[in-house]
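Quick notes on the structure that follows.
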Amino acid sequence: MILQFQSDISSIHIMSKHDHHLKLTIPFSTSRQAQIAYNVISPDPQLKPDQFTQVLSVSDARGASDELSAGRILVAEFDAASERVLRVGVNGFLDSLGVVVGCLRDLDYDAL
Amino acid sequence: MPSKQELPIIHRPTVAIGLEGSANKLGVGIIRHFPRPSSKSDPRPPAQILANIRHTYITPPGEGFLPRDTAKHHRSFVVKLVKDALKTSGLTPNDIDCVCFTQGPGMGAPLQSVAIAARTISMMWDKPLVGVNHCIGHIEMGREITGANNPVVLYVSGGNTQVIAYSHRRYRIFGETLDIAVGNCLDRFARTLQIPNDPSPGFNIELLAKKGKHYVELPYTVKGMDVSMSGILAFIDGLANDIANGKLRYAEDGEIITNEDLCFSLQETIFAMLVEITERAMAHVGSQQVLIVGGVGCNERLQEMMGIMARDRGGAVYATDERFCIDNGIMIAHAGLLAYETGFRTSLQDSVCTQRFRTDEVFIAWRDD
(Lines give C-alpha, C1' and ligand atoms only; values in the text may rest on other atoms or scores of the structure.)
Protein backbone atom coordinates (compact mmCIF):
# COMPACT_ATOMS: atom_id res chain seq x y z
CA MET A 1 0.00 0.00 0.00
CA ILE A 2 1.51 3.27 -1.06
CA LEU A 3 0.48 6.63 0.34
CA GLN A 4 0.73 9.49 -2.08
CA PHE A 5 1.26 12.90 -0.57
CA GLN A 6 0.16 15.89 -2.53
CA SER A 7 0.17 19.49 -1.44
CA ASP A 8 -1.96 20.56 -4.32
CA ILE A 9 -4.00 23.59 -3.40
CA SER A 10 -5.76 23.76 -6.72
CA SER A 11 -7.36 20.38 -6.25
CA ILE A 12 -8.84 21.15 -2.85
CA HIS A 13 -12.60 21.03 -3.25
CA ILE A 14 -13.56 21.97 0.30
CA MET A 15 -14.05 25.53 1.48
CA SER A 16 -10.54 26.45 2.57
CA LYS A 17 -10.76 28.43 5.78
CA HIS A 18 -7.13 27.94 6.56
CA ASP A 19 -3.73 28.19 4.91
CA HIS A 20 -2.39 24.71 5.49
CA HIS A 21 -3.62 21.87 3.33
CA LEU A 22 -2.84 18.28 2.58
CA LYS A 23 -4.41 15.76 0.26
CA LEU A 24 -3.83 12.04 0.66
CA THR A 25 -4.87 9.42 -1.86
CA ILE A 26 -4.90 5.92 -0.42
CA PRO A 27 -5.37 3.07 -2.92
CA PHE A 28 -7.00 -0.13 -1.68
CA SER A 29 -7.14 -3.50 -3.41
CA THR A 30 -10.90 -3.35 -3.81
CA SER A 31 -13.63 -0.74 -3.75
CA ARG A 32 -15.25 -2.66 -0.91
CA GLN A 33 -12.16 -2.01 1.23
CA ALA A 34 -12.07 1.68 0.35
CA GLN A 35 -15.75 1.99 1.21
CA ILE A 36 -15.20 0.24 4.55
CA ALA A 37 -12.38 2.62 5.42
CA TYR A 38 -14.56 5.57 4.50
CA ASN A 39 -17.53 4.35 6.56
CA VAL A 40 -15.40 3.50 9.59
CA ILE A 41 -13.41 6.73 9.86
CA SER A 42 -16.14 9.21 8.85
CA PRO A 43 -18.42 9.13 11.93
CA ASP A 44 -15.94 10.55 14.45
CA PRO A 45 -16.09 14.35 14.81
CA GLN A 46 -12.95 16.47 15.02
CA LEU A 47 -11.81 17.66 18.42
CA LYS A 48 -11.13 21.20 17.21
CA PRO A 49 -13.41 21.75 14.21
CA ASP A 50 -12.63 25.46 14.03
CA GLN A 51 -8.94 24.71 13.49
CA PHE A 52 -8.96 21.45 11.55
CA THR A 53 -11.18 20.06 8.83
CA GLN A 54 -11.04 16.56 7.38
CA VAL A 55 -13.08 15.57 4.34
CA LEU A 56 -13.10 11.98 3.14
CA SER A 57 -14.38 10.61 -0.13
CA VAL A 58 -14.09 7.49 -2.22
CA SER A 59 -13.00 8.13 -5.81
CA ASP A 60 -15.69 7.51 -8.37
CA ALA A 61 -15.24 6.36 -11.94
CA ARG A 62 -15.08 9.90 -13.24
CA GLY A 63 -12.42 11.07 -10.81
CA ALA A 64 -10.18 8.04 -11.21
CA SER A 65 -7.03 8.25 -13.26
CA ASP A 66 -7.78 4.85 -14.75
CA GLU A 67 -10.64 2.38 -14.72
CA LEU A 68 -8.81 0.00 -12.40
CA SER A 69 -8.64 2.53 -9.58
CA ALA A 70 -12.29 3.51 -9.86
CA GLY A 71 -13.99 3.38 -6.50
CA ARG A 72 -11.03 1.92 -4.64
CA ILE A 73 -9.18 5.07 -3.67
CA LEU A 74 -9.89 6.77 -0.37
CA VAL A 75 -9.27 10.48 -0.72
CA ALA A 76 -8.60 12.49 2.45
CA GLU A 77 -8.37 16.28 2.28
CA PHE A 78 -7.19 18.24 5.29
CA ASP A 79 -7.38 21.94 6.06
CA ALA A 80 -5.67 23.33 9.16
CA ALA A 81 -4.99 26.60 10.94
CA SER A 82 -1.28 25.87 11.39
CA GLU A 83 1.39 23.36 10.44
CA ARG A 84 1.27 21.84 13.90
CA VAL A 85 -2.49 21.41 13.83
CA LEU A 86 -2.20 19.88 10.35
CA ARG A 87 0.46 17.42 11.51
CA VAL A 88 -1.47 16.39 14.62
CA GLY A 89 -4.73 15.98 12.73
CA VAL A 90 -3.24 14.03 9.85
CA ASN A 91 -1.37 11.76 12.28
CA GLY A 92 -4.65 11.06 14.02
CA PHE A 93 -6.23 10.11 10.71
CA LEU A 94 -3.29 7.87 9.85
CA ASP A 95 -3.53 6.17 13.26
CA SER A 96 -7.16 5.27 12.61
CA LEU A 97 -6.36 4.24 9.05
CA GLY A 98 -3.65 1.94 10.38
CA VAL A 99 -6.18 0.07 12.49
CA VAL A 100 -8.54 -0.27 9.52
CA VAL A 101 -5.78 -1.56 7.28
CA GLY A 102 -4.59 -4.00 9.96
CA CYS A 103 -8.10 -5.41 10.32
CA LEU A 104 -8.58 -5.66 6.54
CA ARG A 105 -5.26 -7.41 6.18
CA ASP A 106 -5.51 -9.92 9.05
CA LEU A 107 -9.19 -10.32 9.94
CA ASP A 108 -11.07 -10.31 6.67
CA TYR A 109 -12.75 -13.48 5.50
CA ASP A 110 -9.99 -14.42 3.09
CA ALA A 111 -7.27 -13.70 5.64
CA LEU A 112 -8.53 -15.98 8.42
CA MET B 1 -41.50 3.19 27.49
CA PRO B 2 -43.57 -0.02 27.49
CA SER B 3 -44.78 -1.06 30.90
CA LYS B 4 -44.45 -4.76 30.21
CA GLN B 5 -43.12 -6.37 27.08
CA GLU B 6 -42.75 -9.95 26.02
CA LEU B 7 -39.07 -10.75 25.61
CA PRO B 8 -38.27 -12.02 22.15
CA ILE B 9 -37.77 -15.78 22.15
CA ILE B 10 -34.46 -16.74 20.59
CA HIS B 11 -34.71 -20.25 19.22
CA ARG B 12 -31.06 -20.79 18.53
CA PRO B 13 -27.80 -19.99 20.34
CA THR B 14 -26.35 -16.56 19.65
CA VAL B 15 -22.68 -15.55 19.65
CA ALA B 16 -21.11 -12.14 20.16
CA ILE B 17 -17.59 -10.78 20.06
CA GLY B 18 -16.87 -7.89 22.43
CA LEU B 19 -14.08 -5.31 22.39
CA GLU B 20 -13.15 -3.30 25.50
CA GLY B 21 -10.62 -0.47 25.76
CA SER B 22 -11.97 2.35 27.91
CA ALA B 23 -8.87 2.48 30.13
CA ASN B 24 -5.49 0.77 30.00
CA LYS B 25 -6.85 -2.76 29.60
CA LEU B 26 -7.56 -3.98 26.07
CA GLY B 27 -9.92 -6.94 26.11
CA VAL B 28 -11.54 -9.15 23.48
CA GLY B 29 -14.13 -11.74 24.44
CA ILE B 30 -16.43 -14.16 22.61
CA ILE B 31 -19.58 -15.44 24.33
CA ARG B 32 -22.43 -17.78 23.42
CA HIS B 33 -25.97 -17.45 24.77
CA PHE B 34 -28.44 -20.34 24.72
CA PRO B 35 -32.13 -20.01 23.97
CA ARG B 36 -34.53 -19.18 26.77
CA PRO B 37 -36.61 -22.15 27.88
CA SER B 38 -40.23 -22.12 26.67
CA SER B 39 -41.45 -22.07 30.25
CA LYS B 40 -40.83 -18.69 31.84
CA SER B 41 -40.29 -20.16 35.27
CA ASP B 42 -37.31 -22.19 34.11
CA PRO B 43 -33.98 -20.41 34.36
CA ARG B 44 -32.03 -19.63 31.23
CA PRO B 45 -28.95 -21.87 30.72
CA PRO B 46 -25.67 -20.19 31.68
CA ALA B 47 -23.71 -18.35 29.01
CA GLN B 48 -20.66 -20.06 27.54
CA ILE B 49 -17.37 -18.19 27.51
CA LEU B 50 -15.53 -19.09 24.31
CA ALA B 51 -12.63 -16.64 24.63
CA ASN B 52 -11.56 -13.92 27.08
CA ILE B 53 -8.23 -12.35 26.22
CA ARG B 54 -6.73 -9.21 27.71
CA HIS B 55 -3.58 -7.18 27.26
CA THR B 56 -2.80 -4.40 29.74
CA TYR B 57 -0.80 -1.24 29.08
CA ILE B 58 1.45 -0.99 32.14
CA THR B 59 3.42 2.17 32.85
CA PRO B 60 6.62 2.47 34.89
CA PRO B 61 6.34 3.03 38.68
CA GLY B 62 5.29 6.55 39.56
CA GLU B 63 3.57 7.13 36.23
CA GLY B 64 -0.06 6.93 35.27
CA PHE B 65 -1.34 6.04 31.81
CA LEU B 66 -2.09 8.91 29.44
CA PRO B 67 -4.80 8.78 26.74
CA ARG B 68 -2.49 9.11 23.75
CA ASP B 69 -0.11 6.33 24.78
CA THR B 70 -2.96 4.10 25.89
CA ALA B 71 -4.67 4.53 22.52
CA LYS B 72 -1.41 3.67 20.79
CA HIS B 73 -1.17 0.49 22.87
CA HIS B 74 -4.72 -0.51 21.95
CA ARG B 75 -4.14 0.16 18.25
CA SER B 76 -1.03 -2.00 18.38
CA PHE B 77 -2.69 -5.01 19.97
CA VAL B 78 -6.34 -5.03 18.91
CA VAL B 79 -5.93 -6.98 15.66
CA LYS B 80 -3.79 -9.62 17.34
CA LEU B 81 -6.24 -10.00 20.23
CA VAL B 82 -9.22 -10.43 17.90
CA LYS B 83 -7.28 -13.02 15.90
CA ASP B 84 -6.29 -14.88 19.10
CA ALA B 85 -9.84 -14.78 20.43
CA LEU B 86 -11.21 -16.30 17.23
CA LYS B 87 -8.55 -18.98 17.31
CA THR B 88 -9.26 -19.81 20.97
CA SER B 89 -12.98 -20.03 20.34
CA GLY B 90 -12.54 -22.13 17.20
CA LEU B 91 -15.10 -19.94 15.46
CA THR B 92 -15.12 -18.12 12.15
CA PRO B 93 -16.68 -14.71 11.43
CA ASN B 94 -19.71 -16.53 10.02
CA ASP B 95 -20.48 -17.95 13.46
CA ILE B 96 -20.67 -14.48 15.06
CA ASP B 97 -24.02 -12.70 15.31
CA CYS B 98 -22.88 -9.23 16.35
CA VAL B 99 -19.84 -7.10 17.10
CA CYS B 100 -19.99 -5.33 20.47
CA PHE B 101 -17.73 -2.57 21.71
CA THR B 102 -17.43 -0.21 24.67
CA GLN B 103 -19.01 3.05 23.65
CA GLY B 104 -18.31 4.71 27.00
CA PRO B 105 -17.73 5.91 29.63
CA GLY B 106 -13.94 6.13 29.68
CA MET B 107 -10.96 7.84 28.09
CA GLY B 108 -11.63 9.39 24.69
CA ALA B 109 -8.70 8.33 22.51
CA PRO B 110 -8.52 4.72 23.78
CA LEU B 111 -12.29 4.31 23.35
CA GLN B 112 -12.15 5.65 19.81
CA SER B 113 -9.23 3.47 18.77
CA VAL B 114 -11.14 0.32 19.75
CA ALA B 115 -14.36 1.61 18.16
CA ILE B 116 -12.51 1.93 14.85
CA ALA B 117 -11.57 -1.75 15.03
CA ALA B 118 -15.11 -2.76 15.99
CA ARG B 119 -16.64 -0.80 13.11
CA THR B 120 -14.17 -2.29 10.64
CA ILE B 121 -14.85 -5.83 11.81
CA SER B 122 -18.59 -5.20 11.73
CA MET B 123 -18.37 -3.99 8.13
CA MET B 124 -15.94 -6.65 6.93
CA TRP B 125 -17.98 -9.50 8.38
CA ASP B 126 -21.31 -7.79 7.65
CA LYS B 127 -22.53 -8.19 11.22
CA PRO B 128 -24.53 -5.65 13.27
CA LEU B 129 -22.67 -3.32 15.60
CA VAL B 130 -23.73 -2.98 19.25
CA GLY B 131 -22.41 -0.16 21.45
CA VAL B 132 -22.23 -1.08 25.13
CA ASN B 133 -22.08 0.95 28.34
CA HIS B 134 -18.97 -0.17 30.26
CA CYS B 135 -20.72 -0.12 33.65
CA ILE B 136 -23.62 -2.22 32.34
CA GLY B 137 -21.02 -4.71 31.07
CA HIS B 138 -19.61 -5.09 34.58
CA ILE B 139 -23.05 -5.43 36.17
CA GLU B 140 -24.45 -7.99 33.74
CA MET B 141 -21.27 -10.10 33.78
CA GLY B 142 -21.32 -10.04 37.57
CA ARG B 143 -24.94 -11.22 37.63
CA GLU B 144 -24.22 -13.94 35.09
CA ILE B 145 -21.12 -15.32 36.79
CA THR B 146 -22.31 -15.17 40.41
CA GLY B 147 -25.97 -15.93 39.84
CA ALA B 148 -26.94 -12.99 42.06
CA ASN B 149 -30.29 -12.14 40.59
CA ASN B 150 -31.15 -8.70 41.94
CA PRO B 151 -28.36 -7.44 44.19
CA VAL B 152 -27.31 -3.98 45.21
CA VAL B 153 -24.24 -3.48 43.05
CA LEU B 154 -21.08 -1.76 44.20
CA TYR B 155 -19.15 -0.84 41.07
CA VAL B 156 -15.64 0.23 42.01
CA SER B 157 -12.76 0.72 39.62
CA GLY B 158 -10.08 3.20 38.63
CA GLY B 159 -12.62 5.28 36.77
CA ASN B 160 -15.94 4.65 38.51
CA THR B 161 -17.41 4.40 42.00
CA GLN B 162 -21.16 3.85 42.08
CA VAL B 163 -23.75 2.09 44.22
CA ILE B 164 -26.41 0.79 41.87
CA ALA B 165 -29.78 -0.90 42.25
CA TYR B 166 -32.11 -2.09 39.50
CA SER B 167 -35.60 -0.68 39.22
CA HIS B 168 -38.05 -0.56 36.34
CA ARG B 169 -35.74 -1.25 33.42
CA ARG B 170 -32.87 0.94 34.60
CA TYR B 171 -29.80 0.47 36.74
CA ARG B 172 -30.26 3.44 39.06
CA ILE B 173 -27.33 5.16 40.74
CA PHE B 174 -28.05 5.39 44.47
CA GLY B 175 -24.72 6.76 45.53
CA GLU B 176 -21.41 7.63 43.92
CA THR B 177 -18.16 9.45 44.34
CA LEU B 178 -18.41 13.21 44.34
CA ASP B 179 -14.91 13.58 42.93
CA ILE B 180 -12.50 10.74 42.11
CA ALA B 181 -13.05 7.01 41.96
CA VAL B 182 -11.82 4.68 44.68
CA GLY B 183 -9.45 2.98 42.27
CA ASN B 184 -8.12 6.34 41.14
CA CYS B 185 -7.36 7.23 44.76
CA LEU B 186 -5.48 3.95 45.21
CA ASP B 187 -3.66 4.24 41.85
CA ARG B 188 -2.51 7.78 42.56
CA PHE B 189 -1.31 6.87 46.03
CA ALA B 190 0.64 4.04 44.41
CA ARG B 191 2.29 6.65 42.19
CA THR B 192 3.13 8.73 45.26
CA LEU B 193 4.80 5.69 46.78
CA GLN B 194 6.44 4.85 43.44
CA ILE B 195 5.38 1.23 43.68
CA PRO B 196 5.13 -0.86 40.49
CA ASN B 197 2.03 -0.81 38.28
CA ASP B 198 2.57 -4.46 37.38
CA PRO B 199 0.17 -6.28 37.46
CA SER B 200 -1.86 -3.32 38.75
CA PRO B 201 -1.13 -0.56 41.28
CA GLY B 202 -4.15 -1.55 43.39
CA PHE B 203 -2.90 -5.10 43.71
CA ASN B 204 0.47 -3.90 44.98
CA ILE B 205 -1.18 -1.55 47.48
CA GLU B 206 -3.19 -4.55 48.71
CA LEU B 207 0.04 -6.52 49.22
CA LEU B 208 1.63 -3.69 51.18
CA ALA B 209 -1.54 -3.19 53.21
CA LYS B 210 -1.45 -6.81 54.36
CA LYS B 211 1.89 -6.03 56.01
CA GLY B 212 0.54 -2.90 57.72
CA LYS B 213 0.11 -3.07 61.49
CA HIS B 214 -0.87 0.40 62.68
CA TYR B 215 -4.05 2.24 61.81
CA VAL B 216 -3.50 5.93 61.08
CA GLU B 217 -6.60 8.06 61.36
CA LEU B 218 -7.56 9.59 58.03
CA PRO B 219 -10.46 11.87 57.05
CA TYR B 220 -13.68 9.88 56.68
CA THR B 221 -15.83 11.50 54.02
CA VAL B 222 -19.23 9.93 53.52
CA LYS B 223 -21.82 12.48 52.45
CA GLY B 224 -25.28 10.91 52.66
CA MET B 225 -25.42 8.33 49.91
CA ASP B 226 -22.18 9.58 48.33
CA VAL B 227 -18.47 9.54 49.11
CA SER B 228 -15.59 11.90 48.47
CA MET B 229 -12.03 10.69 48.04
CA SER B 230 -9.90 13.64 46.96
CA GLY B 231 -9.42 15.02 50.46
CA ILE B 232 -8.29 11.66 51.79
CA LEU B 233 -5.80 11.35 48.94
CA ALA B 234 -4.39 14.82 49.57
CA PHE B 235 -4.05 14.04 53.27
CA ILE B 236 -2.36 10.67 52.84
CA ASP B 237 -0.07 12.02 50.12
CA GLY B 238 1.06 14.51 52.74
CA LEU B 239 1.76 11.73 55.25
CA ALA B 240 3.72 9.74 52.66
CA ASN B 241 5.77 12.77 51.66
CA ASP B 242 6.57 13.40 55.33
CA ILE B 243 7.91 9.87 55.67
CA ALA B 244 9.97 10.31 52.49
CA ASN B 245 11.40 13.56 53.84
CA GLY B 246 12.36 12.01 57.16
CA LYS B 247 9.55 13.58 59.16
CA LEU B 248 8.46 10.41 60.95
CA ARG B 249 5.36 9.63 62.95
CA TYR B 250 5.09 7.05 65.70
CA ALA B 251 2.33 4.67 66.71
CA GLU B 252 1.19 4.17 70.28
CA ASP B 253 3.55 1.22 70.68
CA GLY B 254 6.51 3.40 69.71
CA GLU B 255 7.02 1.90 66.27
CA ILE B 256 7.39 4.25 63.32
CA ILE B 257 4.50 4.56 60.89
CA THR B 258 5.51 2.96 57.60
CA ASN B 259 4.15 3.09 54.05
CA GLU B 260 2.61 -0.33 54.74
CA ASP B 261 0.70 1.23 57.63
CA LEU B 262 -0.48 4.01 55.32
CA CYS B 263 -1.68 1.52 52.69
CA PHE B 264 -3.49 -0.44 55.38
CA SER B 265 -5.10 2.71 56.82
CA LEU B 266 -6.16 3.96 53.39
CA GLN B 267 -7.86 0.70 52.53
CA GLU B 268 -9.59 0.41 55.89
CA THR B 269 -10.92 3.96 55.61
CA ILE B 270 -12.15 4.03 52.04
CA PHE B 271 -13.51 0.48 52.16
CA ALA B 272 -15.44 1.29 55.34
CA MET B 273 -16.95 4.26 53.52
CA LEU B 274 -17.97 2.02 50.63
CA VAL B 275 -19.51 -0.52 53.01
CA GLU B 276 -21.50 2.28 54.64
CA ILE B 277 -23.05 3.64 51.46
CA THR B 278 -23.72 0.13 50.18
CA GLU B 279 -25.50 -0.77 53.39
CA ARG B 280 -27.53 2.42 53.14
CA ALA B 281 -28.68 1.40 49.66
CA MET B 282 -29.50 -2.13 50.82
CA ALA B 283 -31.67 -0.73 53.60
CA HIS B 284 -33.37 1.59 51.14
CA VAL B 285 -34.33 -1.08 48.61
CA GLY B 286 -34.69 -3.96 51.05
CA SER B 287 -32.05 -6.14 49.38
CA GLN B 288 -29.90 -8.82 51.02
CA GLN B 289 -27.44 -9.34 48.21
CA VAL B 290 -24.38 -7.27 47.40
CA LEU B 291 -22.52 -7.73 44.13
CA ILE B 292 -19.10 -6.12 43.86
CA VAL B 293 -17.86 -5.46 40.32
CA GLY B 294 -14.99 -3.49 38.83
CA GLY B 295 -11.24 -3.78 39.28
CA VAL B 296 -11.25 -2.76 42.96
CA GLY B 297 -13.70 -5.63 43.52
CA CYS B 298 -10.71 -8.00 43.30
CA ASN B 299 -9.51 -6.67 46.64
CA GLU B 300 -9.90 -9.38 49.26
CA ARG B 301 -10.10 -6.93 52.17
CA LEU B 302 -13.00 -5.09 50.53
CA GLN B 303 -14.78 -8.40 49.95
CA GLU B 304 -14.14 -9.38 53.57
CA MET B 305 -15.47 -6.11 55.02
CA MET B 306 -18.51 -6.16 52.75
CA GLY B 307 -19.14 -9.78 53.69
CA ILE B 308 -19.19 -8.95 57.41
CA MET B 309 -21.77 -6.25 56.82
CA ALA B 310 -23.89 -8.39 54.51
CA ARG B 311 -23.92 -11.36 56.87
CA ASP B 312 -24.88 -9.07 59.77
CA ARG B 313 -27.96 -8.22 57.72
CA GLY B 314 -28.67 -11.88 56.92
CA GLY B 315 -27.41 -11.51 53.39
CA ALA B 316 -24.38 -12.35 51.28
CA VAL B 317 -21.73 -10.71 49.13
CA TYR B 318 -21.00 -11.83 45.59
CA ALA B 319 -17.82 -11.13 43.70
CA THR B 320 -16.03 -12.43 40.61
CA ASP B 321 -12.38 -13.26 40.09
CA GLU B 322 -9.87 -11.16 38.17
CA ARG B 323 -10.96 -12.59 34.81
CA PHE B 324 -14.19 -10.63 35.14
CA CYS B 325 -13.77 -7.88 37.72
CA ILE B 326 -10.85 -6.33 35.89
CA ASP B 327 -11.95 -4.72 32.60
CA ASN B 328 -12.44 -7.37 29.95
CA GLY B 329 -14.00 -7.98 26.55
CA ILE B 330 -16.30 -10.82 27.56
CA MET B 331 -18.50 -8.54 29.68
CA ILE B 332 -18.95 -6.28 26.67
CA ALA B 333 -19.84 -9.25 24.48
CA HIS B 334 -22.30 -10.48 27.14
CA ALA B 335 -24.10 -7.18 27.75
CA GLY B 336 -24.05 -6.41 24.04
CA LEU B 337 -25.57 -9.77 23.18
CA LEU B 338 -28.33 -9.25 25.77
CA ALA B 339 -29.18 -5.98 24.03
CA TYR B 340 -28.86 -7.51 20.56
CA GLU B 341 -31.36 -10.20 21.48
CA THR B 342 -33.96 -7.50 22.21
CA GLY B 343 -33.39 -5.98 18.76
CA PHE B 344 -30.88 -3.31 19.79
CA ARG B 345 -28.44 -2.14 17.09
CA THR B 346 -25.98 0.73 16.84
CA SER B 347 -25.68 2.47 13.48
CA LEU B 348 -22.33 3.82 12.34
CA GLN B 349 -23.50 7.38 12.92
CA ASP B 350 -24.51 6.50 16.47
CA SER B 351 -21.29 4.61 17.18
CA VAL B 352 -19.29 7.66 18.26
CA CYS B 353 -17.78 7.09 21.69
CA THR B 354 -18.53 9.25 24.68
CA GLN B 355 -16.43 9.83 27.76
CA ARG B 356 -19.52 10.45 29.90
CA PHE B 357 -22.18 7.78 29.76
CA ARG B 358 -24.36 7.45 32.82
CA THR B 359 -25.35 3.96 33.91
CA ASP B 360 -29.03 4.89 34.04
CA GLU B 361 -29.02 6.14 30.43
CA VAL B 362 -29.33 2.55 29.22
CA PHE B 363 -32.80 1.06 28.87
CA ILE B 364 -32.55 -2.51 30.21
CA ALA B 365 -34.90 -4.10 27.71
CA TRP B 366 -33.75 -7.65 28.47
CA ARG B 367 -35.12 -7.70 32.01
CA ASP B 368 -38.83 -7.97 32.65
CA ASP B 369 -38.79 -7.58 36.41
Side-chain angles (χ1 to χ4, degrees), chain A residues 1 3 24 26-49 51-58 71-74 76 78 84-112, chain B residues 17 19 21 26 28 67-87 89-96 99 101 103-104 108-127 129 131 346-355:
Chain A
M1 189 191 92
L3 290 176
L24 299 179
I26 299 124
F28 287 87
S29 302
T30 65
S31 59
R32 169 180 169 269
Q33 289 182 342
Q35 197 62 48
I36 288 175
Y38 172 81
N39 287 334
V40 164
I41 301 177
S42 296
D44 293 319
Q46 291 303 319
L47 288 170
K48 296 183 181 175
Q51 292 184 37
F52 182 81
T53 311
Q54 168 181 302
V55 177
L56 303 181
S57 57
V58 176
R72 61 178 189 86
I73 301 199
L74 177 69
F78 307 95
R84 192 194 67 83
V85 169
L86 182 67
R87 177 173 49 80
V88 170
V90 171
N91 280 339
F93 166 78
L94 290 174
D95 285 340
S96 294
L97 183 68
V99 176
V100 175
V101 168
C103 291
L104 287 171
R105 188 188 58 207
D106 292 342
L107 298 173
D108 209 345
Y109 276 109
D110 52 8
L112 290 165
Chain B
I17 186 168
L19 280 67
L26 175 66
V28 176
R68 201 168 94 172
D69 307 316
T70 309
K72 187 173 175 182
H73 166 269
H74 291 355
R75 287 194 299 268
S76 307
F77 284 94
V78 65
V79 171
K80 178 183 187 310
L81 252 60
V82 170
K83 211 167 172 179
D84 288 350
L86 281 172
K87 200 168 171 188
S89 68
L91 298 183
T92 68
N94 262 327
D95 303 315
I96 308 248
V99 179
F101 71 103
Q103 196 159 11
L111 280 170
Q112 190 259 357
S113 65
V114 176
I116 292 282
R119 289 178 199 148
T120 309
I121 292 165
S122 158
M123 300 222 69
M124 280 191 316
W125 300 350
D126 195 22
K127 305 289 178 179
L129 196 60
T346 303
S347 68
L348 277 172
Q349 284 65 41
D350 294 338
S351 71
V352 177
C353 294
T354 169
Q355 291 188 248

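Note: hydrogens, waters and symmetry copies are ignored here, and every other heavy atom, side chains too, is used. Residue numbers start from 1 in every chain, and the chains themselves are labelled A, B, ... in the order their sequence lines are given, proteins ahead of strands.
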[atom1] of [X] to [atom2] of [Y]: how many Å apart, nearest 0.5 Å?
X       : Y        : atom1 : atom2 : value
A:Arg32 : B:Met123 : CZ    : CE    : 9.0 Å
B:Lys83 : A:Asp106 : NZ    : CG    : 4.0 Å
B:Arg75 : A:Leu97  : CZ    : CG    : 11.5 Å
A:Gln33 : B:Met124 : CD    : CE    : 9.5 Å

B:Arg119 side chain vs A:Val100 backbone, donor-acceptor pair below 3.5 Å: no

Engaged part of A:Arg105 at the chain B interface, taking heavy atoms whose separation is under 4.5 Å: neither

Region of A:Leu47 that comes under 4.5 Å of a non-hydrogen atom in chain B: neither

Exceeds 12 heavy-atom contacts within 6.0 angstrom, atom CG of A:Asn91: yes

Could you pull out the closest heavy-atom pair between [X] and [Y], with the gap in Å?
X        : Y        : result
B:Trp125 : A:Tyr109 : O-OH, 3.2 Å
A:Ser96  : B:Ile116 : O-CG2, 3.8 Å
A:Cys103 : B:Ile121 : SG-CG1, 4.5 Å

Option in B:Gln112, B:Gln349, B:Lys80 with maximal non-hydrogen atom pairs under 4.5 Å from chain A: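 Counting heavy-atom pairs under 4.5 Å, the top option is B:Gln112.
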
Pick from B:Asp350, B:Leu86, B:Asn94 with the largest number of heavy-atom pairs that fall under 4.5 Å of chain A: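 Winner by heavy-atom pair count: B:Asn94.
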
Heavy-atom proximity to chain A below 4.5 Å, by part of B:Val79: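 Both backbone and side chain.
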
Residue part contacting chain A, namely of B:Leu348, when any heavy atom lies under 4.5 Å: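 Both parts, backbone and side chain.
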
Minimum side-chain heavy-atom gap B:Ser113-A:Asp95 below 4.5 Å: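 With C-beta onward as the side chain, the pair stays apart.
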
Of B:Thr120, B:Val82, B:Val78, the residue whose pairing with A:Leu107 passes side chain to side chain contact (heavy atoms under 4.5 Å, CB included):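 Single side chain to side chain contact (heavy atoms under 4.5 Å, CB included) partner of A:Leu107 among B:Thr120, B:Val82, B:Val78: B:Val82.
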
